[in-house]
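Before any comments, here is the structure.
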Amino acid sequence: AQSVTQLGSHVSVSEGALVLLRCNYSSSVPPYLFWYVQYPNQGLQLLLKYTSAATLVKGINGFEAEFKKSETSFHLTKPSAHMSDAAEYFCAVSGSTLGRLYFGRGTQLTVWP
Amino acid sequence: DGGITQSPKYLFRKEGQNVTLSCEQNLNHDAMYWYRQDPGQGLRLIYYSQIVNDFQKGDIAEGYSVSREKKESFPLTVTSAQKNPTAFYLCASSIVNSGNQETQYFGPGTRLLVL
């Protein structure tokens, strides 16, 4: 079975500060991991995905995530937050190459000027 | 202009009424999904379809029905049996890459409100 835990339902940072959004997963098989971003009243946009090719994954808008098997983690980071990064972020896991995703409950990121 | 479209953007349902949410994609994706989003609960899978004329229940299928008569269309009906339908509904479709790995892409969503 697969599941995702996102630690911290709300994260606040100042503009220019490091962004760190935490995601831990549980999977009985090698996982495929995703981060999505959602702006208010919109659908989800794919930020990045881990597909076992490289443990450090770079995505859009300056975000990256590192897969750590020993820690069962896939935390999302960005060196310098921008006001436009304010949104809700979802981590998701798939336990196979094909099929359904299991989502975390989301982390709302607030960026202060 | 390729993508996933959902309509309407807002939908109001009266007591005892069935309503249908539209999802269309022109990306030639095989699989399509319906999720329900409630505040603080993430996304929960309602139904999914990996091929035309076939679909499977997700985690919260009770009170919902779907059809998949065409590859590009996957409408969701919220029936009167769904007692708490107020939520944001998201449709997704997916593509399988050359490495046989699937990625889901999402539509803009439909917000359903009960009158």
Side-chain angles (χ1 to χ4, degrees), chain A residues 1-11 21-27 29-54 57 59-60 67 87-108, chain B residues 3-10 21 23 25 27 29-51 54-61 87-113:
Chain A
Q2 287 74 42
S3 67
V4 167
T5 301
Q6 291 185 241
L7 297 175
S9 58
H10 290 84
V11 170
L21 305 182
R22 300 178 185 274
C23 172
N24 288 87
Y25 69 90
S26 172
S27 179
V29 296
Y32 293 89
L33 294 155
F34 304 79
W35 275 101
Y36 288 87
V37 60
Q38 184 181 35
Y39 299 97
N41 292 312
Q42 295 186 24
L44 274 64
Q45 179 183 3
L46 180 67
L47 269 180
L48 50 80
K49 60 183 179 182
Y50 167 73
T51 60
S52 76
V57 182
I60 62 172
F67 173 70
E88 189 157 23
Y89 292 80
F90 291 93
C91 182
V93 64
S94 173
S96 66
T97 57
L98 304 176
R100 59 171 299 168
L101 290 176
Y102 295 84
F103 283 85
R105 296 192 171 204
T107 297
Q108 182 68 48
Chain B
I4 304 167
T5 58
Q6 291 186 241
S7 61
K9 187 172 178 65
Y10 295 94
L21 285 63
C23 178
Q25 54 97 1
L27 302 169
H29 289 178
D30 286 314
M32 297 186 74
Y33 303 79
W34 273 106
Y35 293 91
R36 170 178 171 143
Q37 184 178 20
D38 297 279
Q41 295 198 45
L43 277 70
R44 293 181 289 169
L45 183 65
I46 305 172
Y47 269 98
Y48 64 105
S49 168
Q50 293 182 313
I51 196 169
D54 188 41
F55 49 83
Q56 288 78 41
K57 294 182 179 180
D59 298 323
I60 56 165
F88 192 50
Y89 291 85
L90 289 160
C91 177
S93 67
S94 66
I95 187 169
V96 179
N97 65 15
S98 57
N100 204 37
Q101 201 257 323
E102 181 178 9
T103 300
Q104 291 186 24
Y105 297 91
F106 286 79
T110 292
R111 188 166 298 280
L112 177 60
L113 300 166

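Numbered from 1 within each chain, the chains take letters A, B, ... in sequence-line order.
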With rounding to the nearest 0.5 angstrom, report the [atom1] to [atom2] distance, [X] to [Y].
X	Y	atom1	atom2	answer
Tyr48(B)	Leu101(A)	OH	CG	11.5 Å
Gln104(B)	Tyr36(A)	CD	OH	5.5 Å
Asp59(B)	Arg100(A)	CG	CZ	4.0 Å
Leu44(A)	Leu43(B)	CG	CG	5.5 Å

_Which one wins on heavy-atom pair count under 4.5 Å against chain B: Ala92(A), Gly43(A), Ser9(A)?_
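Of the options given, most contacts go to Gly43(A).
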*asked:* If we define contacts as heavy-atom pairs under 4.5 Å, which of Gln38(A), Gln45(A), Glu88(A) has the most with chain B?
replied: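 Option with the greatest count: Gln38(A).
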*Please look at Phe88(B) and chain A and tell me whether the side chain, the backbone, both or neither of the residue comes under 4.5 angstrom of a heavy atom of that chain.*
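Contact with chain A: side chain only.
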*Decide if atom CZ of Arg22(A) counts as having more than 12 heavy atoms of other residues, nucleotides or ligands within a radius under 6.0 Å.*
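12 or below, so no.
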*Is atom CD1 of Ile51(B) surrounded by more than 12 heavy atoms (other residues, nucleotides or ligands) closer than 6.0 Å?*
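Count not over threshold, so no.
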*Is there a side-chain contact between Phe103(A) and Gln37(B), using heavy atoms and a 4.5 Å cut-off?*
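They are not in side-chain contact.
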_Under 4.5 Å from any heavy atom of chain B, what part of Gln6(A) do you find: side chain, backbone, both or neither?_
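Answer is neither: Gln6(A) stays 4.5 Å or more from chain B.
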_Portion of Leu46(A) that has a non-hydrogen atom of chain B nearer than 4.5 angstrom_ =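 Just the side chain, heavy atoms under 4.5 Å.
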